[in-house]
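Here, residue 1 is the first one in the sequence, and each next residue gets the next number.
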Amino acid sequence: MPVDSLVLHATDNQVSWITLNRPESLNAITPDQRERLIQLFLDASADPAVRAVVLTGTGKGFCTGADLRGGQTQGAGERIAGDVARVIRMGAQRLISAVLDCEKPVIAAVNGTAAGLGAHLALACDLVLAAEQARFIEVFVRRGLVPDGGGAYLLPRLIGPQRAKELMFFGDALTAPDAERLGLVNRVVPAEDLHKTARDWAERLATGPTRALALTKQLINASLDSDRTTAFAAEATAQEINMTTADAREGVASFVERRSPRYGGS
C-alpha cells in the first residue's frame with residue numbers, strides 16, 4: 001500500500017494535519033511511514049502556509065510503536081557491532097527529533113493506545129490532548145527491551161526520575177486521566193470531542209505570532225539541558241531575533257492602539 005495512504009496529510013486553515021492510518025495494526029509505524037512523518041515535520045517547519053501541526057491516528061490506536069512484524073529485527077547472518085545503535089539513531093531518534101525540532105507548535109491528539117515509540121511520539125509533541133479511552137504504555141520492559149525513541153530523555157523531564165522509573169520498570173498501562181494527573185497530558189476529552197478540541201487549539205496557535213512561538217519552543221526545550229547563564233543568553237538572543245519580526249511590531253502596535261493583534265506569521 002502506498003505510504004501516502006498510510007500517513008494521511010492535509011493542510012486546512014494553516015494547520016497541517018498528519019494522521020497515521022494503519023488501524024488494523026493500531027498504527028504501528030513501518031520504516032516508510034517513519035520517513036514520511038519525518039519529511040512532513042520538516043516540510044511544516046519550512047512552509048510559511050503552515051503555522052501549527054496536529055498529529056493523530058485512525059481507529060483504536062494512536063500508535064503502538066515500531067512495526068516489529070515486518071522482519072526488520074530478523075536479519076540473516078551475523079550481527080555487526082554498531083548495527084542496533086545505528087538503526088536506533090537513524091530511525092526512532094530521528095523521528096522524535098523531527099517533532100522536537102519542528103519550528104511550528106505540534107499537538108498530539110491521542111485517540112487510543114500510545115505504546116512504546118508511539119507514547120514517546122506523543123510526549124515529544126508540544127501539547128497533548130487525549131481521548132478518555134487513550135492509554136500510555138512503556139511497553140519495552142514487557143519485551144525485555146530498553147526504551148528507545150528518546151523515552152529515557154523525555155519522561156524524567158516531564159514527571160521526574162522516580163515516576164519515570166515506575167512506568168518503565170513495570171510497563172503498566174497508564175489511563176488518560178492518570179496521565180493527565182502526572183502531567184503527561186494537557187487535557188482529557190470525550191472521544192467525540194477530540195478532533196474539535198485539537199482543531200480549536202491548533203487554529204488558535206495558527207493565528208498566533210509564529211516566530212515567537214518557535215523561539216519560545218526552542219527556549220523551553222533547551223532550558224532542560226542548560227545552566228542559568230546559557231539559558232539567559234539564549235533568551236536574550238531569541239528576544240533580539242524576534243524583535244525584527246513583523247508580528248512583534250504588530251503585537252506592540254496593537255497594544256498601543258488598544259485593539260486585537262492580527263498576526264501574519266512572519
Asker: Locate the shortest heavy-atom distance separating L167 from E138; write the atom from each residue and the value.
Answerer: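 Minimum heavy-atom separation between L167 and E138: O-CB, 3.5 Å.
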
Asker: Pick out which of L20, N27, N111 makes a side-chain contact (heavy atoms from CB on, under 4.5 Å) with T58.
Answerer: N27

Asker: N186 side chain to V128 main-chain N or O, any donor-acceptor pair under 3.5 Å?
Answerer: yes

Asker: Would the number of heavy atoms belonging to other residues, nucleotides or ligands and lying under 6.0 Å from CD of E192 be above 12?
Answerer: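 It does: E192 CD has more than 12 such atoms within range.
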
Asker: Should we count CZ of R187 as having more than 12 external heavy atoms under 6.0 Å?
Answerer: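 Check fails, neighbour count at 12 or below.
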
Asker: For salt bridge (Lys or Arg N to Asp or Glu O under 4.0 Å), just list the numbers for D47 and K104, CA-CA rounded to whole Å, side-chain angles, deciding distance to a tenth of an Å, and then say yes or no.
Answerer: CA-CA 10 Å; D47 188 350; K104 309 298 167 63; over 6 Å; no

Asker: Output, in order, the C-alpha distance, side-chain angles, deciding distance and verdict of salt bridge (Lys or Arg N to Asp or Glu O under 4.0 Å) for D83 and R86.
Answerer: CA-CA 5 Å; D83 279 353; R86 188 178 307 107; 2.8 Å; yes

Asker: Could you tell me whether the side chain of D247 and the main chain of G265 form a donor-acceptor pair under 3.5 Å?
Answerer: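 Side chain of D247 to backbone of G265: a pair is present.
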
Asker: Thinking salt bridges, do R36 and D32 make one under a 4.0 Å N-O criterion?
Answerer: no

Asker: So, T230 side chain and S226 main chain: donor-acceptor pair closer than 3.5 Å or not?
Answerer: no

Asker: Checking T11 side chain against Q14 main chain: does a donor-acceptor pair fall under 3.5 Å?
Answerer: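 No, because the side chain of T11 does not come within donor-acceptor range (under 3.5 Å) of the backbone of Q14.
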
Asker: Tell me, yes or no, whether the heavy-atom count around R228 atom CZ, taken from other residues, nucleotides or ligands under 6.0 Å, exceeds 12.
Answerer: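 For R228, atom CZ is not crowded (no more than 12 foreign heavy atoms under 6.0 Å).
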
Asker: Count the heavy atoms belonging to other residues, nucleotides or ligands that lie under 6.0 Å from CZ of R22, then report whether that count exceeds 12.
Answerer: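 Counting other residues, nucleotides and ligands, CZ of R22 exceeds 12 neighbours.
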
Asker: Evaluate the criterion side chain to side chain contact (heavy atoms under 4.5 Å, CB included) for residue pair I18 and V54; output intermediate values, then yes/no.
Answerer: CA-CA 6 Å; I18 302 173; V54 176; over 6 Å; no

Asker: With a 3.5 Å distance limit and no angle check, can you tell me whether S223 reaches the backbone of I220 through a side-chain donor-acceptor pair?
Answerer: yes

Asker: Do V53 and F41 pass the side chain to side chain contact (heavy atoms under 4.5 Å, CB included) test, and can you show the C-alpha distance, the side-chain angles, and the key distance before you say yes or no?
Answerer: CA-CA 8 Å; V53 180; F41 282 111; 3.9 Å; yes

Asker: State whether the side chain of D12 and the backbone N or O of V15 hold a donor-acceptor pair below 3.5 Å, judged by distance alone.
Answerer: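 A pair under 3.5 Å: no.
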
Asker: To the nearest 0.5 Å, how far apart are CG in L182 and CZ in R163?
Answerer: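 Those atoms lie 5.5 Å apart.
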
Asker: Atom CZ of residue position R204 - does it have more than 12 heavy atoms of other residues, nucleotides or ligands inside 6.0 Å?
Answerer: no

Asker: Donor-acceptor check, side chain of R157 to backbone of Y153, threshold 3.5 angstrom: yes or no?
Answerer: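 Answer holds: yes.
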
Asker: Relative to F140, does R143 satisfy both conditions: NZ or CZ under 6.0 angstrom from the six-membered ring centre, and within 45 degrees of the ring's axis?
Answerer: no

Asker: Within the distance-only criterion (no hydrogens, no angle test), does the side chain of R249 pair as donor or acceptor with the backbone N or O of T244 below 3.5 angstrom?
Answerer: yes

Asker: What about the rings of H120 and F136, do their centers lie closer together than 6.0 Å?
Answerer: no

Asker: So, the side chain of Q93 versus the backbone of G150: is there a donor-acceptor pair under 3.5 Å, distance only?
Answerer: no

Asker: When E103 is tested against each of R51, R211, K217 for salt bridge (charged side-chain N to carboxylate O under 4.0 Å, His left out), which residue passes?
Answerer: R211

Asker: Would a distance-only check, ignoring hydrogens and angles, find a side-chain to backbone donor-acceptor pair under 3.5 Å from D67 to A28?
Answerer: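 Checked: no pair found.
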
Asker: Evaluate the side chain to side chain contact (heavy atoms under 4.5 Å, CB included) criterion for residues C63 and I29: first the C-alpha distance (whole Å), next the side-chain angles of each, then the deciding distance (0.1 Å), finally the verdict.
Answerer: CA-CA 7 Å; C63 174; I29 296 177; 3.6 Å; yes

Asker: Do I107 and L55 touch side chain to side chain, with heavy atoms closer than 4.5 Å?
Answerer: no

